[in-house]
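Structure record follows, encoded as structure tokens.
Each ligand, and each atom within it, is numbered from 1 in the order the structure gives.
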Amino acid sequence: MREEIVKILKSEGPAPVSGETIARKLGVSRTTVWKNIRALETDGYTIKGNPRLGYRLLQIPDRLYPAELSAKLNTCIIAPHSSYIHHYHCIDSTNNLLKNMAEKGAPEGTVIVTEKQEKGRGRLGRNWSSPGGKGIYLSILLRPPIPPQNASPLTLLAAVAACTGIRTVLPHLCPGIKWPNDLLLEGRKVCGILCEIKAEMDLVHYLIAGMGINVNTSLDDFPLALQATATSLCLNNNGREISRINLAATILQHFDEFYSEYLVAGAAPVLARWRENNVTLGRRVKIHSSCSSFAGTALELDSNGALVVKGDTGELLHFSAGEVIFENQI
Ligand code: BTN
């Protein structure tokens, strides 16, 4: 009902719409319309009511409401309808909740977004700082018909979608991907991706791609320990705030495009896009994997998205997991 009222108010642009017209269009009473207008105001919409002329929509809040995201999307697999998007004001972690939904049979393309996370999770057991209303915290459910050993390019795909989305909305910014899927701006982290998978030996049951983007985050919103290494889009945009709705929708749109392409053409196009957007290849790196660390030059991505590192005595190692540290940061 609220979604329908917003659609009607938007379709009239700046002109007011009477409560009676809205009630007639929706087949409900004027009191029902009035109650829903109040609820929309509580949700952050600015609506001006005039007893003679009716209601005018003055401002839409920058919250990641399904109706607002969906109005900007034209997707086939990822959130093809607003009912695929689930919005929360505050939850522990979008990945955790989506995992529960996936276990109960949620369809591919389901998306969870939240304004704030109490226990946002990062890679390698770290936390992800998720202050309210500042960032984009979302998770996307995929059910690709592939064996788990072919899933790595999907984690790269998530980074490519985020990177392309940011470059589309903010063409003057140039984020680069640090392998596998961190986005850096001026050497500082602006976006992280946590992909989690449930699979048997030869089939992925589901994969959850969780994305955290520091959008309008100021330096003091970050925990002290991150202030030297983290950044936000707004901090790189002369302090000007960025529409989170617009950015989240643009990323989901690119994600849909790249994932559809992946299902038809395989990993090669994803890897090519990753290479175009990376800041890793050609650099001296130290790579920490589960029980060891190795120094060398990041040479290439192999056909499965693993990082090929050339050691100082010329040996080539393929890493399919791990954390890269650039030598000039060590
Ligand atoms: C990283 O360590 O770089 C990955 C960070 C991933 C954070 C996102 S925020 C949305 C989703 N839900 C989580 O709990 N984590 C991911």
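- Residue-level proximity to ligand 1 for L138 is carried by the backbone, the only part with a heavy atom below 4.0 angstrom.
- Residues R56 and N50 have side chains that never bring a donor and an acceptor to within less than 3.5 angstrom of each other.
- Those atoms of ligand 1 that come under 4.0 Å of a heavy atom in W128, given as number and element, are 3 (O), 5 (C), 7 (C), 9 (S).
- By the 3.5 Å distance cut-off applied to N or O atoms, Y137 is not counted among the residues near ligand 1.
- Counted by atom type alone, Y45 and E68 present one or more donor-acceptor pairs between their side chains at under 3.5 Å.
- Ranking the protein heavy atoms by distance from atom 15 (N) of ligand 1 puts R121 O, 2.7 Å first.
- Residues N150 and P147 meet the side-chain proximity criterion, which asks for heavy atoms closer than 4.5 Å.
- Ranking the protein heavy atoms by distance from atom 4 (C) of ligand 1 puts I193 N, 3.4 Å first.
- With a 4.0 Å cut-off on non-hydrogen atoms, L124 does not touch ligand 1 at all.
- There is no path of hydrophobic side-chain contacts, each under 4.5 Å, that joins Y137 to L142.
- In the model, Y88 has no side-chain atom that pairs as donor or acceptor with a side-chain atom of Q117 under 3.5 Å.
- Shown in contact with T94 at under 4.0 Å from a heavy atom are these atoms of ligand 1, numbered in order with element: 10 (C), 11 (C), 12 (N).
- Looking only at heavy atoms of the protein, atom 2 (O) of ligand 1 is closest to R123 N, 2.6 Å.
- Heavy atoms of Q117 come nearer than 4.0 angstrom to ligand 1 in at least one pair.
- For the side-chain contact (heavy atoms from CB on, under 4.5 Å) with V17, the qualifying choice from I5, V33, L53, L9 is L9, the only one to do so.
- If you check the side chains of S139 and N95, you find a donor sitting under 3.5 Å from an acceptor.
- The option from E118, K119, K189 that lies nearest to atom 3 (O) of ligand 1, judged by heavy atoms, is K189.
- Residue contact check: G120 has heavy atoms under 4.0 Å from atoms 14 (O) of ligand 1.
- With a 6.0 Å cutoff to the six-membered ring centre and a 45° limit on the axis angle, R283 counts as a cation-pi contact of F326.
- When each atom of ligand 1 is checked for a heavy atom of G212 under 4.0 Å away, the hits are 7 (C), 8 (C), 9 (S).
- Formation of a donor-acceptor pair under 3.5 Å by the W274 side chain with backbone atoms of P180 is found in this model.
- Heavy-atom proximity to D182, at under 4.0 Å, picks out these atoms of ligand 1: 3 (O).
- Which parts of ligand 1 touch G122 is read off a 4.0 Å heavy-atom cut-off, strictly below it: atoms 1 (C), 2 (O), 4 (C), 5 (C).
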